[in-house]
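What follows is a single structure, written as C-alpha cells, with notes after it.
Just follow the structure's listing: the first ligand is 1, and inside any ligand the first atom is 1.
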Amino acid sequence: MPPSTDLEFLDRIEPLFSAKQIQDRVKSMAEELSEYFGDKELVLVVVLRGSLVFAVDLLRYMTIYPEVEFLSASSYGNNLLPGNTVEIYMRPDLDLEGKELLVVEDIVDTGQTLRQIAARLDTMNPTSVRYISMLYKRLPNQANWPVDWFGFEIPDLFVIGYGLDYRQKYRNLPWIGYLPQ
Ligand code: 5GP
C-alpha cells in the first residue's frame with residue numbers, strides 16, 4: 001500500500017490523458033518515425049530523467065533498430081527566465097559525428113532545455129537532429145521551441161505522470177494528470 005500522503009496527493013490530481021490514450025498515441029508516433037527514418041542509422045538521444053518512460057515505450061513500438069544514448073539536463077532557478085542556464089551532462093567519449101539524431105523529450109515548456117541541448121549537439125557535427133516531445137505546452141504570448149513531433153499539446157499546466165515528476169516522485173504513473181492551481 002502506498003503511504004496515505006501519496007494517496008492524498010494523487011487524489012488532488014485532475015486526469016488529462018489516460019494510459020490507453022497515451023499508448024495509442026505513442027504507438028502511432030513510433031510507426032510514423034519508423035517509416036520516416038527507414039534505413040537511416042538513427043540514434044535516439046534520450047533526455048533524462050523525464051523522458052525515460054516515453055523513450056522506452058517509443059523504442060518498443062518501433063519497427064527499426066536505433067542506437068540509444070542518454071544525456072541529462074537540469075535547469076537551475078526559474079527556468080521561465082530567458083538565458084537561464086541548463087546543465088547538460090553526457091558521457092565524455094560520446095561520439096555523434098555523422099549520425100542522424102532524434103532527441104526525445106518529455107515536455108517542452110519554455111523550450112530553454114531543448115535550445116541549449118541543440119546548441120551543444122550542433123558542436124558534435126551530427127548529420128541531422130530532429131526533436132520529439134511527448135507533451136508540448138502552448139504558452140500564452142510566447143514562442144517556445146519548434147519540435148518535429150509531439151504527442152499532445154497542452155495548456156500551461158503543471159503535469160505529472162508518464163515520466164514527469166512532482167518532487168522526483170510519481171514518474172511511474174501510466175497516465176498524465178495536472179495539479180490544479
Ligand atoms: P523547458 O526548458 O522547456 O522550460 O522545460 C523543460 C523541462 O522542465 C522538462 O524536461 C521537465 O523536466 C520540466 N517541466 C516543464 N514543465 C513541466 C511540468 O508541467 N511538469 C513537470 N513534472 N516537469 C515540467
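Residue contacts with ligand 1: Val159 is placed with a nitrogen or oxygen under 3.5 Å of a nitrogen or oxygen of the ligand (distance criterion only). An N or O contact shorter than 3.5 Å links Gly111 to ligand 1 by distance.
Residue contacts with ligand 1, taken as heavy atom pairs separated by less than 4.0 Å, involve Asp106 solely via side-chain atoms from C-beta onward.
Near Lys137, the atoms of ligand 1 lying under 4.0 angstrom from a non-hydrogen atom of the residue are 16 (N), 17 (C), 18 (C), 19 (O). In the vicinity of Thr113, heavy-atom distances shorter than 4.0 Å reach the ligand 1 atoms 1 (P), 2 (O), 5 (O), 6 (C). Atom numbering of ligand 1 starts at 1 in the shown order; those under 4.0 Å from a heavy atom of Leu157 are 19 (O). In the vicinity of Glu105, heavy-atom distances shorter than 4.0 Å reach the ligand 1 atoms 10 (O).
Judged by a 6.0 Å distance limit and a 45° cone about the ring axis, Lys20 is not positioned over the six-membered ring of Phe17.
Taking hydrophobic clusters as Ile, Leu, Val, Met, Phe, Trp and Tyr residues chained together by side-chain heavy-atom distances below 4.5 Å, Tyr89 does not share a cluster with Val104. Follow the hydrophobic side-chain contacts under 4.5 Å out from Leu96 and you never reach Phe70; the two are in separate clusters.
For the pair Arg171 (side chain) and Leu164 (backbone), a donor-acceptor distance under 3.5 Å is absent. Formation of a donor-acceptor pair under 3.5 Å by the Gln21 side chain with backbone atoms of Ser18 is found in this model.
Counting only heavy atoms from C-beta outward, the side chains of Leu10 and Leu173 approach each other to under 4.5 Å.
The option from Ile117, Ile107, Ile154 that lies nearest to atom 13 (C) of ligand 1, judged by heavy atoms, is Ile107.
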